[in-house]
2 protein chains.
Amino acid sequence: MNKKLSVSEARVLEASWELLAQDGIEKFSMRKLANLIGIQAPSIYWYFKSKQLLFQALANQVAKDILLAIHPQGDWKEQLHDYAVTMRKQLQQYPCSAQLLMQTLPLERDYLQMINQFLQAIEPLPLSDKQKFNYIICVINYVLCHELDEYERRQVETELESETEQSLEQWALHVFEQVPAEKISIIHRMYTNGLFAEVGTDEMFVSGLDILLRGIEQKVIASS
Amino acid sequence: MNKKLSVSEARVLEASWELLAQDGIEKFSMRKLANLIGIQAPSIYWYFKSKQLLFQALANQVAKDILLAIHPQGDWKEQLHDYAVTMRKQLQQYPCSAQLLMQTLPLERDYLQMINQFLQAIEPLPLSDKQKFNYIICVINYVLCHELDEYERRQVETELESETEQSLEQWALHVFEQVPAEKISIIHRMYTNGLFAEVGTDEMFVSGLDILLRGIEQKVIASS
DNA sequence: ACCTGAACACCGTTCAAGT
DNA sequence: ACCTGAACACCGTTCAAGT
């Protein structure tokens, strides 16, 4: 928006998503990226002054997409709920997007606007600015954390399976056997009851989001 | 506990904390670590098979410390509140501890035990295992995110000041000027009202924690 | 304006060889 | 059991030089 993308600048961003999908953010390198585009590594530096700034541009692309996908509807609670669900859906469209947003301080144009949109949903509520800001950051962090955990779980899972041909659940249970059962009794029970398969599901996401929104609601009620 | 630390193994861990405090987790390298201890880089690999496993050991040290600092007292709400506050306090004792815990899947002994301890606080509540687990993960993630944000803010701040001799607040306001004011009106108002100085304070931490706990409370009430 | 080759100053990790 | 030197296969980034 504030800067028209040249063909090649867009090309770098496009190839970056491809590389992130292939190798993940840990193994992302400027050399591999250049290779994918068909140029030499130093050429990228003509478009982005550093890897950091490239990542920021990627993060901002995601933020912009989230912003575009958001449409206010219903009361503040329904709005925040929809915003969070929409944000998660958009994050899932881009590889490693949660990491990118986490690594970027929210001082980019579209990221700021996204936060502003979230803030607008609770603007009329009888809360202090401090509260409003803090609560919105909590909701956004919740969505990001959820995606981060999901990503990490998938990583360890595929890594484990390619190495030992064991599922993560099997391995977890094996780990538990080495720890005195009484010391982790509750978590042990949960895992043997098949809780593992539920981690990261839509239901879990909505359930965690719900306590956040109910918590905010209580604060609203308390101060009106 | 399950493995007696040799003098040098403890020495590696000790030096690791020193290096993390000096350089941060991004610039942590095995070579610098070796240098700090007074050995060659490959020697570290006798104690820890990889950088990853060294980080896991560090994370587990933090988890153990949190566990030791926790003492159940009061009802479930007071307990969770104290646990979160204690966890934050312990995280602040170690440099980059939040990053270390975030990077580590909770499958280490002491980390598991820590989660179990949190779970114990809400064990008697009339909630499903799924809910209990999810809510506790939310609380733990909240504490970690809060520390992460704080760390990131400090990083950018010192980086910015050494480069441009500007404070983060000045720079943020400058960024705002480049964005159409109407599009970020709320966040703009908040920043000009001095909200910036409040980010990351104890008060903010407790305020966010509170909506989580109240949210859980509502769920308890709803299902009893 | 856009791209390259060569180079700098680093990485994590392996491994034969030393004591 | 513990440590080293040398080496492998990488990094991000700079910069003079090309077109």
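Protein chains get the first letters and strands the later ones, always in sequence-line order, with residue 1 at the start of each.
Across residues 29-41 of chain A, A/Ser29, A/Met30, A/Arg31, A/Lys32 each have a non-hydrogen atom less than 4.0 Å from an atom of DNA chain D (numbered order). Listed in residue order, the members of residues 15-22 of chain A having a heavy atom less than 4.0 Å from DNA chain D come to none.
Look at B/Tyr47 and you'll find a side-chain N or O under 4.0 angstrom from OP1 or OP2 of D/dC3. Under 4.0 angstrom from either OP1 or OP2 of D/dT4 there lies at least one side-chain N or O belonging to B/Ser43.
The backbone N or O of A/Lys27 sits less than 3.5 Å from a side-chain atom of A/Lys32, completing a donor-acceptor pair. Here the side chain of A/Tyr142 pairs a donor or acceptor atom with the backbone of A/Phe205 at under 3.5 angstrom.
A side-chain hydrogen bond (donor to acceptor under 3.5 Å, both in side chains) with A/Asn60 is found for exactly one of A/Asp65, A/Asp110, A/Thr104, namely A/Asp110.
Per the geometry, CZ belonging to B/Arg11 stands 15 Å off P belonging to D/dC2, to the nearest Å. Rounded to whole Å, the distance from CD on B/Glu26 to P on C/dC10 is 17 Å. Protein atom CD of B/Glu9 is 12 Å distant from nucleotide atom P of D/dC3, rounded to whole Å. Atoms CH2 (A/Trp46) and P (D/dA16) sit 18 Å apart, rounded to a whole Å. D/dC11 atom P lies 9 Å from atom NZ of A/Lys51, rounded to whole Å.
A salt bridge does not link B/Arg154 with B/Glu157: every distance from a Lys NZ or Arg NE/NH1/NH2 to an Asp or Glu carboxylate oxygen is 4.0 Å or more.
Across all strands, B/Phe48 comes closer than 4.0 Å to no nucleic acid atom at all (heavy-atom distances).
Among residues at least two apart or in separate chains, salt bridge (Lys or Arg N to Asp or Glu O under 4.0 Å) pairs with a member in residues 86-100 of chain A are A/Arg88-A/Glu147, A/Arg88-A/Asp202.
Rounded to whole Å, the separation between the P atoms of C/dA9 and D/dA9 comes to 23 Å.
For A/Glu198, the salt bridge (charged side-chain N to carboxylate O under 4.0 Å, His left out) criterion is met by B/Lys130, not counting sequence neighbours.
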Show every donor-acceptor pair shorter than 3.5 Å between a side-chain atom in residues 184-192 of chain A and any protein atom, with sequence neighbours excluded, or say none if there are none.
{"residue": "A/Arg189", "atom": "NE", "partner": "B/Asp129", "partner atom": "OD2", "Å": "3.2"}
{"residue": "A/Arg189", "atom": "NH1", "partner": "B/Glu123", "partner atom": "OE2", "Å": "2.8"}
{"residue": "A/Arg189", "atom": "NH2", "partner": "B/Asp129", "partner atom": "OD1", "Å": "2.7"}
{"residue": "A/Arg189", "atom": "NH2", "partner": "B/Asp129", "partner atom": "OD2", "Å": "3.2"}
{"residue": "A/Thr192", "atom": "OG1", "partner": "A/His188", "partner atom": "O", "Å": "3.0"}
{"residue": "A/Thr192", "atom": "OG1", "partner": "A/Arg189", "partner atom": "O", "Å": "2.9"}

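Closest heavy-atom contact between A/Cys96 and A/Ile25: SG-N, 3.5 Å.
DNA chain C forms stems at C:4-8 with D:12-16, C:12-16 with D:4-8, each a run of 3 or more consecutive Watson-Crick or G-U wobble pairs whose two key distances fall under 3.5 Å.
At most 12 non-hydrogen atoms from other residues, nucleotides or ligands lie less than 6.0 angstrom from CD of B/Gln52.
The shortest side-chain heavy-atom distance between A/Pro180 and B/Arg109 falls under the 4.5 Å cut-off.
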